[in-house]
Amino acid sequence: MEALVLSITLFVLATFLGVELIHRIPTTLHTPLMSGANAISGITIVGALVVAGGGFGWISWAFGVSAVVFAMMNVVGGYTVTDRMLEMFTKKPEAK
Amino acid sequence: MEALVLSITLFVLATFLGVELIHRIPTTLHTPLMSGANAISGITIVGALVVAGGGFGWISWAFGVSAVVFAMMNVVGGYTVTDRMLEMFTKKPEAK
Amino acid sequence: MPVALELLLYLVAAVLFVLGLKRLGSPLTARQGNRMSGVGMLLAIVVTLFDHGILGYQEIIVGMFIGSAVGFWMARSVKMTSMPQMVALLNGFGGGASLLVGGAEFLKAELAGVTPTIDIGITTQLSLLIGSVTLSGSLIAWAKLQEVMTGKPITFPLQKVINGGLFAAIVGLAAYQLIVPQQVLWPFYTVIALALVLGVLLVIPIGGADMPVVISLLNSYSGIAASMTGFVIHNNVLIIAGALVGSSGIILSQIMCKAMNRSLANVLFGAFGGDAGAIGKSSEGLTVRQVTVEDAAVQLGYAQLVIVVPGYGLAVAQAQHAVRELADLIERRGGEVKYAIHPVAGRMPGHMNVLLAEANVPYEKLCEMDQINDDFQRADVALVIGANDVVNPAARTDEGSPIYGMPILNADHAKSIIVMKRGMSAGFAGIENELFYNPKTAMLFGDAKKSLTSLVTEIKAL
Amino acid sequence: MPVALELLLYLVAAVLFVLGLKRLGSPLTARQGNRMSGVGMLLAIVVTLFDHGILGYQEIIVGMFIGSAVGFWMARSVKMTSMPQMVALLNGFGGGASLLVGGAEFLKAELAGVTPTIDIGITTQLSLLIGSVTLSGSLIAWAKLQEVMTGKPITFPLQKVINGGLFAAIVGLAAYQLIVPQQVLWPFYTVIALALVLGVLLVIPIGGADMPVVISLLNSYSGIAASMTGFVIHNNVLIIAGALVGSSGIILSQIMCKAMNRSLANVLFGAFGGDAGAIGKSSEGLTVRQVTVEDAAVQLGYAQLVIVVPGYGLAVAQAQHAVRELADLIERRGGEVKYAIHPVAGRMPGHMNVLLAEANVPYEKLCEMDQINDDFQRADVALVIGANDVVNPAARTDEGSPIYGMPILNADHAKSIIVMKRGMSAGFAGIENELFYNPKTAMLFGDAKKSLTSLVTEIKAL
Amino acid sequence: MRIGVPAETRPHERRVALVPDGVAKLKKAGCDVLVQRGAGTAAYLTDADYEAAGATLVGTAAEALGADLVLKVQRPTAEEAGQLREGATLVSFLAPAGSADLLSALTGRKVTAFAMELVPRSTKAQSMDALSSQATIAGYKAVLIGADAMGRILPMLTTAAGTLAPAKVFVIGAGVAGLQAIATARRLGGMVSAFDVRSVVREQVQSLGATFVEVAAVEGEGQGGYAKELAEDQQARVVAGIGEHVKGQDLVITTAQIPGRPAPRLITAEAVRAMKPGSVVVDLAGESGGNCELTKFGEAVTVNGVTILSPVNLPAGVPLHSSQMYGRNVLTFVTHLLQDGALQIDLSDPITGPMCVTHAGELRTGKAA
Amino acid sequence: MRIGVPAETRPHERRVALVPDGVAKLKKAGCDVLVQRGAGTAAYLTDADYEAAGATLVGTAAEALGADLVLKVQRPTAEEAGQLREGATLVSFLAPAGSADLLSALTGRKVTAFAMELVPRSTKAQSMDALSSQATIAGYKAVLIGADAMGRILPMLTTAAGTLAPAKVFVIGAGVAGLQAIATARRLGGMVSAFDVRSVVREQVQSLGATFVEVAAVEGEGQGGYAKELAEDQQARVVAGIGEHVKGQDLVITTAQIPGRPAPRLITAEAVRAMKPGSVVVDLAGESGGNCELTKFGEAVTVNGVTILSPVNLPAGVPLHSSQMYGRNVLTFVTHLLQDGALQIDLSDPITGPMCVTHAGELRTGKAA
Ligand SMILES: NC(=O)c1ccc[n+]([C@@H]2O[C@H](COP(=O)([O-])OP(=O)(O)OC[C@H]3O[C@@H](n4cnc5c(N)ncnc54)[C@H](OP(=O)(O)O)[C@@H]3O)[C@@H](O)[C@H]2O)c1
Ligand SMILES: NC(=O)c1ccc[n+]([C@@H]2O[C@H](COP(=O)([O-])OP(=O)(O)OC[C@H]3O[C@@H](n4cnc5c(N)ncnc54)[C@H](OP(=O)(O)O)[C@@H]3O)[C@@H](O)[C@H]2O)c1
Ligand SMILES: NC(=O)c1ccc[n+]([C@@H]2O[C@H](COP(=O)([O-])OP(=O)(O)OC[C@H]3O[C@@H](n4cnc5c(N)ncnc54)[C@H](O)[C@@H]3O)[C@@H](O)[C@H]2O)c1
Ligand SMILES: NC(=O)c1ccc[n+]([C@@H]2O[C@H](COP(=O)([O-])OP(=O)(O)OC[C@H]3O[C@@H](n4cnc5c(N)ncnc54)[C@H](O)[C@@H]3O)[C@@H](O)[C@H]2O)c1
């Protein structure tokens, strides 16, 4: 039970941190930011790997490996697509 | 050991949160903010109470109770003094 | 690998996510931020692989490889304009993965005959529910944007009631699942099925134009789903990263709504997402594209050449000082600003000269039509402020138009056009202006002075 | 009380600290924020009391009562102008408490003959070290500000070397303490003693003017000390709250340094803190008070009546448009702005009229000297922009002065005065201006146009 | 084709119908341009400038008037009309409403005459609109003249010798000239208010930073952007309202006109008498009778210290710029008529048609009424 | 004590030495003010205004001139001087450097005479500084006159009839009048540049948004904020530099003066001939010889289409405001002299002393050289 509260504590702190991290974002960055955050939500890959590697027979097989495929698509696709979108911002260095 | 890492995790998250929470502060608020943060650092009172209430004989007595006195001064003094400083900001409602 | 080290490395990954997310918020650091968070992800994956000795399982490696390859290929081949639906699709996969992980954990316990603790039970059900909604909802969002299905809101009677009922049923079944004896699996499957349906129903009444908000919200959900999975499998990096995405996604959705001058509730339940373009429907059914101040600010802040086209609206708004300030700011950032003065802009000969002289715009910057018309194609942005007739392409092409034959400013030759006016009303000649429906054109509605002032604030914040 | 509930309540307290700290950052919510965090503190105390059944120990209650009473009395009786030293003192108490808690834990283990784990050992030593430095450093800061000791930097040869040596010795001793067998206590006491000395040595070379930064930094330290204590007694609320204060304190110190245009390193090791006022030393040794743009913004943003006194510097800076913009902004926020035009401001008759007309300042707002001189006492801020001679009180009092007898604008009658100029150079008449040394006056150095533009940005962000 | 530009003969007329820049353009279009020696001198355009632009300088007016196309500013005198070639084309201000004699002379000689006052107010014809271009100059100049005649300066000045209050300027009739007057007076620092019977003008006045005076609730928008005459009761209300407002003004500039009608009487003698000594009224409607009861066209009248000016031909007072603009107007119109170096007169054209007052021996009364 | 304000008699002088507002203040201070009937009429100040302010209207100049203290604008003629009471006090512009006859007449009648041109340029005396106040008006008016005489308008206008380029205005000598001219020309939309030999002026010119022309590296700051005469080689360089810059200008306003010396010759005939036809030079230094070689004081000269104006007494052209300012200057000075309703003349006073040119039958040459 204490472990649960600890987990909740982490959850709460991370939630606050997420809120604070996002400030006045120019609209042009909305989609990349969304996409970048989506890539992070691919962290489920860790869960997928745990399940797939847990050795629970068909569950690992059917659920685990397909979860791994899905999650990997999310992760790799997510980061790549975000990077592509962000390319355009590195073109012109800001003159100040 | 895992407990330690968990504590470190909390420490790290809270540190980030602390950094993010403080943004462009008008100078007038520097002192109140400092004072308010100082009041929060009086959280040592919890440690002081634990020590004082731990029943370790003279240690509890000498260290614990004096820690309690010190920490309480920090807490009560800190919150009160901050509140006094902030009084002036509630005078005029903002017309927008 | 010692558990403590594993946890520590997970913590490093979490820190990289935090830093990455923060950097994603500014144009200058965004790319670097994305890469930082990518490194964090790699670290988390490697740690997990090592820790669980998973490296032995060939099929997992194959699965990872397939997923990576497909994901990479999709990401590389998608057109720039289809990015939003791509994100929707990827997000759906993430939700699906959470669903599968939650399901696996549930079945594992069932099969092993273990009754999970109440917290594990609840979080498992949550990861199933949220994962399913994310999965099906994201797919619908994708379909709407990809125009596989109609982008218009789909509504039917009692929609909200039905959604509410569905939700209640899911909660009830999930609760029942927690208390029934082992081996009863139908509530589990039913919850998943109903949640998938719920995801569909929640998204179909929302119009295509509002999809980005929905995707961001679903993205937030998939974060929460990941976080719930973290509770289930006792993994802190999942909890932290999931919670980060969960909360930042909601904030981002809100910011997006604010940028559209809507509330989140209005977007989700307004069921009029498809009407957003109505304000700018021309008689031929064309629609205009609106731009937010933030967006316009980025365009102008990074432009090399901006040509300002002032018109009568600039005078009405008395925005001469504001436009000068904007120009100064752009120039301080290294851009160039010119003013294209049409001979009949305004309502009296020399109207624009009078205004801009008052704001001390140097005469060198005021260009006559003939002198500047060729420069438009070099311009990154043509900023049309309260001008209308003087940039109306009908003068070039439409013989029936009362302004046919009048030479106009070639604002439409610029790489992009931002038009500031209060609404869609016509100018002096009383005729419609095609330029506003040009795909390169973005409308910034509102009083020109207000818009300019906000632009200045936004560009300063870039 | 079940442990889980206790932990949950601690979490609630931590959340209240987070929210409170956030709200402290804006004038409108600051007071409420402080109260939220206060409620969090109360909650944490009550939970601890209940949990450990401490209510029984009479002496603890008495101790709490004494501490509260003394703290409350000190906080109520201190003068508004002595706030910074008060905070320093309270902060010292906090550091002292951490030191005592860490010491108690150490002794407890020693006495019980338990060898603490390495992490407990390290964090204990850290809480001792940081607590001691905070305690003695804060007391020195207090003494400097209270003028119990000199506010000037105290330096002596090899200071940095000595400090470095001291620090090395402390680290060495602490490490030794961790590995020596039980019952050897001298390293423990020596570490404390040396750390106390270190705290003193670190603070004495810093000038009185820089004390706020030091206090903020020490405050950050006391947060870290509390956090370390949390590691020692395995208490998460201590860890979280301590870390929050630790990091926010450092950021705040940095912001403060930036506001003074200095780096943190410069403040801590520059050993010239006392020179800061040099720029504004008058021949009689008076000093001027500088103000930051942020501060000026708050003053102007909340003022009811602002009287602008323009002078030749406004013309030189060509800041006429900027001042108009500032005035518009203040008026949109509900304040009132007037311009006091001195007959000989500038360098030609009507110089200010020409400028302000160009910026479209309505004639009604331009007030002649006789008409406005009585209004100054009602003004919250007299904003003197590049004017000098026309507000020089020497004209009223100093018979020897070349401007004696010239009527001047009563800027000095305003509740506060902000003067914008580039440096301390004299005006046309070439004489010094006492007004700048008036305790009510704050100088905003820099080109008037730049200062005004930044002010506008800052007020918008309020 | 030969185009002739004679020197203007009206007293005080300093403009010229074509500037060297226009000569060069017509040369390029394949025409010969004959400019009378000294035609541009009063407008500071030298014969050398014309020659450099490709003009053929001719010694007498007769030579220039004998061209196929004659460009003028002022309507020709009887003598000048007599020198036009039979069947020639004439582009000039013609004041057709009051020039019956001239028109019949032109018809007699089968001259095709275009009146520059009749450029239609369509978007496309804007660059030929000589009334607008000359009114722009007139509005500017009216303020200069008025400011010069005043006892005070326009801007506010706070000086060691006291504060000079800003002058109050009131512009009646905010058409082209009126708006330019508003802008110029504001530039000089005056506090400007304005009135017009067309209500669309309110926003235009405000867009120049001046205030619109609601002297009476009337609406007088007529055809083609012009005003129409007001009904009697409305007129009375306007006059009363203006009389009230005019009292406190230091400079009043009136430009109210109704096409083809005498100018409306807006300022009564009584209203003038109520004004402060040293104030000035500049009446730009003098030629059509004046907006002020006391106006004497071309003269300065002083009543009770108030000066009423009714200047003649203000644009001619800024000869270089007004010629430049008029020349451009004429040039654009001629270019509109030209095809392959010859005139193609298409009377069904929406610009050419209404402007043509005589053609092939006939009087065209379409718009000339 | 009785204070007399006679009507001015110089031709074209429209100012008056005291305005009703000043009369009221002196009345309050316990003086009787005798104003000659019609003294203010040319400045749009009626006798009624004066009477309302408490003045006693007198029918003849002799009555006003016979007062204890006489206030005038222009130095008295011999006849007027003869009507002054023995031992009276006179405050007026006196042009002492060139008025030997007048001064001896005044000494003969033991008049205490104060010359308003000699107000010291100290901060305290600023509100008595009539040279500055009148120069302010002159600078403003010079631009109006110049603008009126030009062939073009000052501001840039982009219109359907082409773009009118903004006029280039060049101001030589950026003292009080010059700065005001700069400000006024900028208001009207001209592109203004300026030159002065005193280098402190650079920043002042820029503070008005105009550009400072570095025609030659010289420094001519003399005493009391005035310029000093330049060495020959420097002068030559300045003239050459100005000649070069002046070529492209449409309006040139010159105000360069050196106290007690003839005005420096800065624009040669050759430079004028290089200017464009239609440009205008307004020379405010005409009275002391002019800054332009072709200047004829009080006349308009036209050379090659360039007009050189040298207006006489510009402040009198804005009589109300210039009287108001002059009146305030005089009033402040008189108030400075008054103690309990009587004059207390303390010649050791740093203001009174230098201004006094004759006293108790003696000529005071201290500053009058
Ligand atoms: N220059 C001359 O001498 C002269 C004389 C007479 C007529 N004209 C005619 O006037 C026209 C001039 O063209 P133009 O492009 O300058 O003007 P325009 O075609 O009249 O268009 C002005 C636009 O400004 C917008 N607007 C008005 N107030 C605004 C505000 N406060 N903020 C933002 N936008 C505002 C209006 O749209 P919303 O209402 O939707 O905001 C309107 O569409 C030409 O047709 C010309 O022929 C010119
Ligand atoms: N009005 C007239 O007719 C006239 C004529 C001649 C002389 N005067 C004399 O001029 C004086 C006018 O008084 P004043 O108060 O207007 O001016 P002032 O006394 O000359 O003071 C101007 C101040 O502005 C500051 N400054 C200059 N450039 C600046 C910039 N870019 N940004 C910010 N500050 C700037 C200067 O200080 P820093 O260098 O430290 O920035 C200077 O102290 C009086 O003494 C008057 O007698 C007036
Ligand atoms: N191509 C075009 O679209 C075009 C070209 C030129 C002018 N215009 C428009 O035509 C309008 C009139 O032009 P104009 O200046 O040649 O007109 P104008 O010279 O005939 O009249 C001047 C002004 O006097 C006003 N007036 C008439 N009777 C009045 C009364 N009793 N009281 C007060 N004011 C009165 C009129 O409304 C007009 O504004 C302007 O608004 C102008 O913008 C349009
Ligand atoms: N109380 C005071 O402090 C006070 C009062 C009035 C004026 N002033 C100052 O005195 C100065 C001069 O005033 P003024 O206008 O009466 O002077 P002025 O009329 O004597 O001369 C006009 C200008 O001509 C300039 N000049 C002289 N020779 C020149 C040459 N060869 N080339 C170019 N320019 C030349 C002078 O420098 C001066 O600026 C001004 O700067 C003014 O600010 C001070």
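The contact between F/Gln180 and chain D is made by backbone and side chain atoms together, counting heavy-atom distances below 4.5 Å. Contact annotation for D/Glu358: only side-chain heavy atoms (C-beta onward) come within less than 4.5 Å of a heavy atom of chain F. For chain F, the nearby parts of D/Pro349 are the backbone and the side chain; heavy atoms of each come within less than 4.5 Å. For F/Ser122, no part lies near chain D; criterion is any non-hydrogen pair under 4.5 Å. Both the backbone and the side chain of D/Ile403 come within contact range of chain F, each with at least one heavy atom under 4.5 Å from a heavy atom of that chain.
Applying the 6.0 Å contact sphere to CD of F/Gln206 captures more than 12 heavy atoms from other residues, nucleotides or ligands. No more than 12 heavy-atom neighbours from other residues, nucleotides or ligands sit within 6.0 angstrom of NZ on D/Lys450.
The contact list for residues 374-383 of chain D toward chain F, using heavy atoms and a distance under 4.5 Å, is empty.
Taking the side chain as every heavy atom from C-beta outward, D/Met348 and F/Leu208 approach each other to under 4.5 Å. Taking the side chain as every heavy atom from C-beta outward, D/Met406 and F/Thr123 approach each other to under 4.5 Å.
In this structure, the separation between NE2 on D/His351 and CD on F/Gln204 is 8.0 Å, given to the nearest 0.5 Å. One finds the OG atom of F/Ser207 at 8.5 Å from the CZ atom of D/Arg347 (value rounded to the nearest 0.5 Å).
Shortest non-hydrogen contact noted between D/Gln318 and F/Gly209 is NE2-N, 3.7 Å.
A side-chain donor from one of D/Tyr312 and F/Glu203 sits under 3.5 Å from a side-chain acceptor of the other.
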